[in-house]
Amino acid sequence: MTSDPHTSAPSAAPSTLRATAPLTKASPPSDPVAGEHDRWHRTHRPWSARRLPAALVAAVILVAAGAALIDVVAVRVGRPAAAWRRHLTGELGTRPVDDVWMLTGAAVATIVGLWLIILALTPGLRHQLPLRTPTPGARACLDRDGAADLLRDAAMQVPGVSTARIRVRRHRVKARADVRFRDLQQVKDDLTAVLQEERDRLALARPPRIVVRVRRRTD
């Protein structure tokens, strides 16, 4: 008994359609550079805990408040006020406002107050460089010394460079290189291109500007 050749045709057609449909409906690949800003998110430096300034301020307030409270309690129970409080009250009541000690104390208090305000309004951790992250809300940072080491390793790969010194700042990267052979301008151009490429690989949230200086090393 032979099978009818037309009976297999309906089953073959759907399989052919399933195999070719994804190819005909596939969209062209997207440009990775065009969508880079959509995939990465800029972050900020994490806020410092400020443990040392907070401990110093708390200790000073604790000592001053404790001494004043003890003296007030002593006066309330009938004892005379402490000598330091009588002396301080007398000096504040008799010295003129333009006295050198009054001006010095006011200047010191102003400087300390401004310092505390700056600490409260700034995140600190200036040695950390924030990175771009693919996830919103995630934070990542790179130490400046680590970034300088990576850039120095990349600079040493440039032909002609014998030594390289890299200093990474928030807005600028200073690179100094000693050149033993090749033209200085060619080495400078290659070194600038290599450092810019390595800087982009670091995915810094605010890429610093590259400043390159080269000099001929003959010894």
Side-chain angles (χ1 to χ4, degrees), residues 26-56 107 111-112 114-219:
S27 59
S30 59
D31 187 7
V33 178
E36 180 179 0
H37 297 287
D38 298 333
R39 296 193 305 267
W40 295 91
H41 303 270
R42 294 178 61 179
T43 60
H44 302 278
R45 295 198 311 271
W47 282 75
S48 174
R50 312 287 192 188
R51 294 184 177 88
L52 182 58
L56 292 177
I111 293 174
V112 173
L114 291 176
W115 176 61
L116 294 177
I117 292 175
I118 292 174
L119 291 180
L121 298 180
T122 55
L125 299 178
R126 299 177 63 87
H127 207 66
Q128 302 291 330
L129 299 175
L131 305 178
R132 297 192 306 269
T133 58
T135 304
R139 288 185 177 182
C141 293
L142 177 64
D143 187 77
R144 287 186 185 180
D145 294 337
D149 292 339
L150 294 174
L151 293 173
R152 186 181 300 107
D153 293 341
M156 293 302 297
Q157 303 299 323
V158 177
V161 175
S162 59
T163 58
R165 296 171 297 278
I166 308 293
R167 297 184 63 183
V168 178
R169 295 293 181 262
R170 292 183 59 190
H171 304 289
R172 184 167 56 179
V173 173
K174 293 183 179 180
R176 299 176 181 269
D178 296 336
V179 180
R180 289 191 177 275
F181 60 92
R182 296 183 65 200
D183 181 68
L184 289 179
Q185 187 60 41
Q186 293 180 356
V187 174
K188 182 177 180 180
D189 295 340
D190 294 345
L191 183 58
T192 302
V194 168
L195 292 178
Q196 290 177 349
E197 181 180 359
E198 186 66 22
R199 176 203 60 188
D200 296 338
R201 290 179 180 176
L202 297 179
L204 298 176
R206 299 173 181 82
R209 184 168 58 94
I210 303 293
V211 178
V212 177
R213 294 181 181 179
V214 296
R215 65 177 182 178
R216 178 70 66 183
R217 186 70 178 271
T218 56
D219 55 345

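What you see is a predicted model; the values in this text were computed from it and never measured.
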Does Arg172 reach the main-chain N or O of Val211 with its side chain, forming a donor-acceptor pair under 3.5 Å? no
Rounded distance (nearest 0.5 Å) linking atom OG1 of Thr122 with atom CD1 of Ile117: 11.5 Å
Please lay out, stage by stage, how Asp200 and Gln196 fare under the test side chain to side chain donor-acceptor pair (under 3.5 Å). CA-CA 6 Å; Asp200 296 338; Gln196 290 177 349; over 6 Å; no
For residues 160-169, the salt bridge (Lys or Arg N to Asp or Glu O under 4.0 Å) pairs (sequence neighbours left out) are Arg165-Asp178
Considering non-hydrogen atoms only, spot the tightest contact between Val179 and Ser162 and give its length. N-OG, 4.4 Å
Verify the neighbour count for atom CZ of Arg216: are there more than 12 heavy atoms of other residues, nucleotides or ligands below 6.0 Å? yes
Closest heavy-atom pair, Pro130 versus Arg206, reported as atoms and distance to 0.1 Å, is CG-NH1, 3.8 Å
Using side chain to side chain contact (heavy atoms under 4.5 Å, CB included), reason through Val173 and Leu195 one step at a time and then give a plain yes or no. CA-CA 9 Å; Val173 173; Leu195 292 178; 5.6 Å; no
dist Leu151:CG -> Leu202:CG (nearest 0.5 Å) comes out at 5.5 Å
Could you give the distance from NE2 (His127) to CZ (Arg170), rounded to the nearest 0.5 Å? 13.5 Å
Before giving the answer on side chain to side chain contact (heavy atoms under 4.5 Å, CB included), spell out for Arg199 and Ile210 the whole-Å C-alpha distance, their side-chain angles and the decisive distance to 0.1 Å. CA-CA 9 Å; Arg199 176 203 60 188; Ile210 303 293; 3.8 Å; yes
Taking every non-hydrogen atom, the tightest pair across Val187 and Arg182: CG2-CB, 3.7 Å
Taking every non-hydrogen atom, the tightest pair across Gly160 and Phe181: N-CZ, 3.3 Å
Counting distance only, does the side-chain N/O of Arg132 pair as donor-acceptor with the main-chain N or O of Leu204 below 3.5 Å? yes
About how many Å separate CE of Met156 and CG of Leu191, when rounded to the nearest 0.5 Å? 10.5 Å
What are the two closest non-hydrogen atoms of Leu129 and Ala147, and how far apart are they? CD1-CB, 4.3 Å
Got more than 12 heavy atoms from elsewhere within 6.0 Å of CZ, Arg176? no
Consider only side-chain N and O atoms of Asp190 and Gln186, and report whether a donor and an acceptor are under 3.5 Å apart. no
Determine the minimum heavy-atom distance between Arg215 and Leu184, stating which atoms define it. C-CD2, 4.0 Å
So, using salt bridge (charged side-chain N to carboxylate O under 4.0 Å, His left out) as the criterion, who are the partners of Arg152 when residues are at least two apart? Asp149
Non-hydrogen side-chain atoms of Leu142 and Gln128 separated by less than 4.5 Å: no
